[in-house]
Structure formats: C-alpha cells, structure tokens
Amino acid sequence: MNQRIVVDPVTRIEGHLRIEARVEDGRIASAYSSGTMVRGIETICQGRDPRDLWAFVQRICGVCTLVHGLASVRAVENALDYKIPPNAELIRNLMVGAQYVHDHVMHFYHLHALDWVDVVSALQADPKATSELAQSLSSYPRSSPGYFADVQKKLKTFVDGGQLGIFANGYWGHPAYKLPPEANLMAVAHYLDALEWQREVAELHAVFGGKNPHPNMVVGGMPCAISLDSGGQAGTSVDVSGLERVRNIIGKMQSFVDQVYIPDTLAIAGFYKDWFGPGHGEGIGNFMCYGDFPAKGYGDPSSYLVPGGVIMNRDLSHIEPVDLDADDQIQEFVARSWYAYGDGKDAGLHPYAGETDFAFSGPEPPYQQLDVANQYSWLKSPRWRGQPVEVGPLARVLMLYTTGHEQTRELVDRTLARLELPVDALYSTMGRTAARTLETKVIGDAMSGWFDQLLTNIRAGDHKTFNDSLWDPSTWPAKARGVGHMEAPRGALGHWIVIENGKTANYQAVVPSTWNAGPRDSADQPGPYEAALKGHAVHDAHQPIEILRTVHSFDPCIACAVHLFDPKAEEVTRIRVC
Ligand code: NFE
Ligand code: MG
C-alpha cells in the first residue's frame, strides 16, 4: 500500500519545517524536506557599514545566539586582513564552546529525548529502583529515591490534571518506546534538571559579551575589557570575580556532561541499538567541516582543534581539502526552491555572487500540497563540488576520529566497544546523536585549556582584547572580499562579504541547517535529511515517530536555514499557528 505522510510543523525544533514522506509497503521510499516560512536578513546588509553587520545577522537565530555574529566579524576581518589579539581568539573559543555545550545538552533533553523516552511510562517506575539504576550509571548527586519520587509526583499532577504541559502531544505508549519505566523516570528528572542547569551556564556569554542571547561582538577582537582587579573596581565584568564565575561555569558544564549527559546517552542508546543500523537514518555518507577553534588565530587552520575537509562516500582514509573562496566548490542551487537566479539558469552560484529572488506562481507557494516534482522549499540547496554533504557533530567527530585526535578516538572506541558496535554504526540516527554527546565532552574539556591560557596571558600582563589598527574605513582598500567560517553547533557555517568603498556590496550566509535540510537539486540529488529518511519502516502512519527521530538527530534550525529577506518588504505568507 502506498501512503503519503505529512509532518507539519515538525515540533521541538527552531523554525518551520515540513516533512513529506511517500511510504511504499511500509517503508519510506522518498522524503521531501521543506522550509515553509520565509524571513530575512541578508539583503538588509547591503549598503551598510561592514562593522555593524554582526548585530543584524546575529538575529538570524536565537538558538545559536552567537555564531552568526562571529561568522560576520570574521568575514570582515578576513576581507581586510585584520588581525585580532590572542586573548580575543581565546574568548571567542570559550564563547563558541559554551554555545556547543549549552545547545547540545538542551537538544538532547528538550528537543530529542522524548523521541526515545516515554514520559507517561515514568509513572509506573519504582523510585527506589530508579535510584539504584541512576547510581549504577553515574556519581551525579541527585539520585535518591526521594528525589525521583518527587519528580514522579510532579509528573502525576500533570497527567491527572489532563495537562501534560511541556510533555503534551507525544506519541506516549507507542511500541517503538523501549526504555523500562525507571529509565524513563530518570530521563524525565534530568530533563527538568537540564532546564535549570542551562539557565546558569548561559551566564558565560553574559560575562564576556554583556548578555545572552545575542552577546556583543566587535570587528577587531572582543568588546570586553579584562582586568585582574576585583569587586567591580575595574569597571568590567571580566575582572577577578567574572573570571572566577567563568571557571565555575566551565566546571558545571563539565560535570553535567560527565555525570548526566554521557551516562544518559549511553543508557538510552543501549536500548535502541537497532537505531545504529541500516534503515535508520544512515544518510548520504558525505561529510564536511570548515574547521574551527584556532590555537594560533583564524588565519592558521593548522592550529584548529577541529580540522576542515570533506569525507566522501564514508571513505575515512581520504580527506579532500575545502576551499571557501574557490568558485567551483561551495555553491547554492535553486532548481527546487522558491527562488530564481537572474539568468534563469540553475548553474549554482558561489556565495560571493549569491542572489535571493523569489519565484513561484500564484500569491504564495502551495503549502497544502507541495509540488515536490518542482519547487518545494524556502531553503536553497548548497552543494560542495555539486555534491550534497552532511555537516554537524557527526561530520566533526568523523573528522577528529580519522585525523587521530586522541581524546575523540578514545571516546568513540570506548562507546562503540561498550555498545558492541562497529565504526559503521556511526552512520545512523543514533550515531549522529551519540556523536553530538561525544563532541560535547571534547569541547567542554577544551574550554578548561582555553580558560587557563587566557589567565596565563592576563597574569603575564597581556590585557589586550581589541585591535584598533584597521578600525577607520578610510584605511581600507576600495574593494575587498572575505569569508568568515566557523563550526556552529549544527555544523559548518560561512558568511561571505563583498566590501566596496567601505560599504557592504553583497552578503551571503550559507548555514548548517541549509546544508542538511535543503531540498533536492537540479540533478535530483536529495539533501541530507531527505536521504536519511529514505528506507525507514513506519510502524503507524498516524504516529510517525521514526521520522521525528531521524530529523531530530540533525537538530534542525530552520530559522537559521531560511534567513533571506524580501526587498519589497511585502508579506510573503501567513502562517497559522494552532
Ligand atoms: Ni539557528 Fe545555527 C547553529 C547556525 S543552524 S541554530 O548551530 O548557523 O543550522
Ligand atoms: Mg543564505
């Protein structure tokens, strides 16, 4: 029997995503990923002072609150060959690192866990047995029978009142849920703890950047002064007490990752080992990283913690270099998107020459029934040398693993050994989810090192965080162009800027979720979500939990992915939110 399944909107993500799947004989034969809401930032950059852009483009997203600001200042610095002080580089690493740890823990508990954890089943759990289970897995101190009994009582109040609140609308009782009630209760307790924890650790951004979300940035470094004075005498939040706060936050991050996030990932993964296997989100098998976390500056990729490069067809023995300036490498195609290029062709445009002009017949796209044979998304289709590539935690972990990063090798090997799985198991929905957990450990630990280095510099008398040598646009060349790239939590992110006479002549952002969630291209090659959904067995077309598991394993952010702007400022569509 053939069926068409529509999930719209996909919830527990940022932005508006619709998935359509054609099911033949119980399996997904083809899937279509559509970004259904358009919003916009890129075009309003044109004509502006390049030094102001970070504040505009940072509003592309409120989830990855920092990354578009950083990609933007890096793009301008790259265009102008503007060097920044080592302290600014370390603070940027710390802030991006904090974004990873915060995002990934929140994704696991608040956006993805309920695909695996049956909240209602937690009511059947024995709090004492839950306590024993928790203590067998971890030294996390919140593990007493009384603690779990309290969480269960809170949950029971929700259920008895017919108000599941934040837990409403799950597919509770679906046979795809495999955890015993005690494991479900433990995960629900940690879901609630993670809410409290994330509020505390978000403060790191506020110490260095004044606030969160959307901390302050500056072209040429970081806008915070640093001082070893105390008690506010220095007039900066980055004084002795601010630095102590940062040290405490890094410690809190590391202990939550070690005591809660990693043990929970391993425990849950152990019940879903089939989700490490074929037919469970293995995807297209091409992976790309731009690389990030420089030890010796953005201009020295050999010093990056995460190397850049492309892995094709799962061949871990060979890494292709990626060149973000080359016309024929990074390109965006629009054959299947609601855009058209000025020449009417779909040859693929490099972002320096990127265009964003709407094209669909009628007043708005056919949202009720996507025209999947033609155009069906507000996302473009980015390609590397014409090929779709997956970006994000799995790409980074494979890159670190295959280039011999010792801690990653040890973490991956230990995890696979414990679950009795081969390396190929990583190419899967659960592999993607586990990779995210493991990279959080790597980045969280690296943060301690960056912090120590920052303190060492300050103690040696280096307080410099900002370089004013190129601040004046009259010193700039008449024409310049540059790219700011980074590894955002969801994957490779690039902003490209063309500067003419001190103003922005063109600006394009190509974003991780656009790489992963983009539609097919003119050669009919599916994007990574679409490829990963193919082949799933769907147990119940009315409760397609299999689709949610795999799409969520990418951590979609469609606000990031669709970020263009209607230059005529017309209303493009109306979204009804129920
Ligand atoms: Ni809106 Fe983002 C990250 C960026 S998305 S979350 O990480 O860039 O793909
Ligand atoms: Mg773009």
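Note that these values count all heavy atoms, side chains included, but never hydrogens, waters or copies made by symmetry. Order of appearance sets the numbers: ligands from 1, and atoms from 1 within every ligand.
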(request) Could you tell me whether K380 and E42 make a salt bridge, using a distance below 4.0 angstrom between a side-chain N and a carboxylate O? (result) no
(message) Polar contacts were defined as any N/O atom of the residue lying under 3.5 Å from an N/O atom of the ligand; does this apply to D103 and ligand 1?
(response) no
(request) Answer yes or no for E332: is there an N/O/S atom below the 2.8 Å cut-off from the Mg ion (ligand 2)? (result) no
(request) Considering non-hydrogen atoms only, spot the tightest contact between G97 and F293 and give its length. (result) N-CE2, 4.0 Å
(message) Less than 4.0 angstrom from a charged side-chain N to a carboxylate O is my criterion; do R490 and D555 meet it?
(response) yes
(message) With heavy-atom distances below 4.5 Å as the criterion, would you say the side chains of R74 and D292 are in contact?
(response) yes
(request) State, to the nearest 10 degrees, the angle whose vertex is atom 1 (Ni) of ligand 1 and whose arms point to SG of C61 and SG of C557. (result) 100°
(message) Geometry only, no angles: is S513 polar-contacting ligand 1 at N/O separations under 3.5 Å?
(response) yes
(request) Among the N/O/S atoms of E42, select the one at the shortest distance from the Mg ion (ligand 2) and name it. (result) OE2
(request) Tell me, please, if V510 has any N/O/S atom, main chain or side chain, under 2.8 Å from the Mg ion (ligand 2)? (result) no
(message) At less than 4.0 angstrom from any non-hydrogen atom of A488, what atoms of ligand 1 do you find?
(response) 3 (C), 7 (O)
(request) Say whether D327 and Y352, considering side chains only, have a donor N or O and an acceptor N or O under 3.5 Å apart. (result) no
(message) Give the atom numbers and elements of ligand 1 that come within less than 4.0 Å of a heavy atom of V511.
(response) 4 (C), 5 (S), 8 (O), 9 (O)
(request) Starting from atom 6 (S) of ligand 1, find the nearest protein heavy-atom neighbour and note its residue, name and distance. (result) C64 SG, 2.9 Å
(message) If the contact criterion is a heavy-atom separation under 4.0 Å, does H68 count as touching ligand 1?
(response) yes
(request) Answer yes or no: are there more than 12 heavy-atom neighbours, outside K345 itself, under 6.0 Å from its atom NZ? (result) no
(message) Quick one about T429 and T550 (side-chain donor to acceptor, distance below 3.5 Å, no hydrogens or angles considered), yes or no?
(response) yes
(request) Using a strict cut-off of 4.0 Å, indicate which atoms of ligand 1 neighbour a heavy atom of P489. (result) 7 (O)
(request) State, yes or no, whether a side-chain contact exists between M95 and H205 at a heavy-atom distance under 4.5 Å. (result) yes
(request) Would you mind running through ligand 1 and noting each atom that sits below 4.0 Å from a heavy atom of P512? (result) 4 (C), 8 (O), 9 (O)
